[in-house]
Amino acid sequence: MLEIARQQPADAFVILTNETLALTNLPVNVTNRLIKTGLFKWVEDKWWYNLGLPQLLKRQKADLFVTIDNTHIKGYKTPCCHFIVNLPAAGPGFANGYTRKWKRIYHNNQVAGILQTAVAIITFSGYHKRMLVEKFKLPPEKCNHLRLCYHNTPLKWPEKESIKTRYSGGLEYFVFAGDIDQRHLLVELLKAYAEFKRWQKSNMQLIVTGSVTAWTQQFLTKLAYFKYRNDVHVIPDPTDDILKALIGSAYALLYPALNDHFPETVLLAMRADVPVIASPVPVIKELANCAVIYPEPDNASGFAKSMQDIYKNERLREDVILSARNHMEQGKKYNLATVCRNLLWQTLDKNSY
């Protein structure tokens, strides 16, 4: 969105974030409005989506509201364009940590608030687009698939060594990066890591990093009784820079996924010349193709075998890195911001009044 703003200096952009994501060094046509968050999220959300946000859009005289995933507005007719980065309502693990009542409300908001009232929907996965059309009976022309691309930006050796010294005692490590929740099979990952350690007798470490969720404490409780717990390092809620550094310095990224959660960290690892071992869910297979190792079978033993293979076979590791690099090269000329800008302005033209 910032790149789009730079391409459109005559237009004004207002970006809404909470206090933890205050933006700096913005283009002159971009304003960052901070939203305060409180203790009672669902009460606050109801007020915000029904009253606060519509009033803010009215004061701003907004021509288009661009939002992500489950954000929605009621009571004001600003055209909305929705980026669907994750599609939790289409999978078995959505809204983990909430009661059944709130899951039902969450689901209703997803359908009524986003999918049915949006003037346009943008997704980065063709699989997600098909799910939107088939599951929610949306017109195909309303859903737009934008292909992602990343240029390779591997870390330099001194940066990697500094990260390893800081977070893994100077030792090589596998990393999991993603929400610490039930959608990612982290208990199975611990079992796979234990098998790997028994087979290899290696000092290879494991770093688990990502956003804390309601399920995180359950994982930490299980980890407290894990045989190799001293070799596992949990780094909750890392900043973007730390997350990228942890991924970019890893021996390999491990990504066990229960459903089609958008695999942003898989793409970040491929971008950083870090090999990936991931569950063969459709979104990952679509975005990463054959540039990722898919364990066979897709369980703890399969992951352990793939970890052992990439540890023992340096040629395999180099081949996976090269495959990812070639996969990324195919999208180098693709300018996501320009294509997205054209789509947003086309949406504005269709819905101007």
Side-chain angles (χ1 to χ4, degrees), residues 17-22 37 85-86 93 96-97 150 153-194 196-197 202-258 261-279 284 300 303-304 307 310-311:
T17 65
N18 61 29
E19 308 96 295
T20 62
L21 191 63
T37 56
V85 181
N86 294 306
N96 284 316
Y150 283 91
T153 54
L155 295 180
K156 295 181 179 179
W157 183 81
E159 296 174 282
K160 293 183 179 182
E161 291 302 304
S162 174
I163 291 295
K164 283 187 278 190
T165 299
R166 180 177 177 183
Y167 292 102
S168 65
L171 301 172
E172 294 281 4
Y173 62 87
F174 292 117
V175 66
F176 163 82
D179 293 342
I180 306 175
D181 62 9
Q182 289 171 295
R183 289 174 296 188
H184 299 105
L185 305 176
L186 297 181
V187 175
E188 292 296 304
L189 181 60
L190 291 181
K191 294 178 183 177
Y193 180 63
F196 169 83
K197 295 284 277 187
S202 165
N203 61 4
M204 180 74 72
Q205 306 289 287
L206 173 63
I207 289 179
V208 175
T209 186
S211 300
V212 171
T213 69
W215 183 81
T216 303
Q217 187 56 50
Q218 293 185 43
F219 172 72
L220 295 176
T221 300
K222 294 180 184 296
L223 178 60
Y225 296 95
F226 183 56
K227 179 178 179 180
Y228 301 101
R229 59 186 175 276
N230 292 333
D231 293 336
V232 180
H233 313 274
V234 179
I235 303 170
D237 293 329
T239 64
D240 285 345
D241 289 342
I242 293 298
L243 179 67
K244 292 175 183 177
L246 288 170
I247 293 172
S249 305
Y251 190 80
L253 174 80
L254 310 177
Y255 197 83
L258 178 64
H261 193 65
F262 186 80
E264 179 186 9
T265 54
V266 170
L267 296 176
L268 288 174
M270 294 169 62
R271 177 185 180 186
D273 280 353
V274 173
V276 176
I277 302 171
S279 298
I284 296 178
F303 264 85
M307 292 159 68
I310 205 167
Y311 178 78

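Treat the numbers as computed from the prediction; the structure is a model and nothing was measured.
- Contact annotation: the side chain of Asp231 approaches that of Tyr193 to within less than 4.5 Å [non-hydrogen atoms, C-beta and beyond].
- Nearest heavy-atom pair across Ala300 and Ala192 is O-CB, 3.2 Å.
- For the atom pair Leu155 CG and Asp273 CG, the distance stands at 10.0 Å (nearest 0.5 Å).
- A distance of 11.5 Å separates NZ of Lys222 from CG of Leu186, quoted to the nearest 0.5 Å.
- For the atom pair Ile310 CD1 and Phe174 CZ, the distance stands at 7.5 Å (nearest 0.5 Å).
- In this structure, Arg166 places its CZ atom where only 12 or fewer heavy-atom neighbours from other residues, nucleotides or ligands lie under 6.0 Å away.
- For the atom pair CD of Gln182 and OG1 of Thr216, the computed distance is 10.0 Å after rounding to the nearest 0.5 Å.
- If you take CG on Asp179 and OG1 on Thr265, they are separated by 9.0 Å, rounding to the nearest 0.5 Å.
- Here CE of Met204 is found 14.5 Å from OH of Tyr228. Values are rounded to the nearest 0.5 Å.
- The salt bridge (Lys or Arg N to Asp or Glu O under 4.0 Å) test applied to Lys164 returns Glu161, Glu172, not counting sequence neighbours.
- When side chains are defined from C-beta on, Leu268 does not count as touching Leu253, because their heavy atoms never get closer than 4.5 Å.
- Every salt bridge (Lys or Arg N to Asp or Glu O under 4.0 Å) that Lys191 has, sequence neighbours left out, goes to Glu188.
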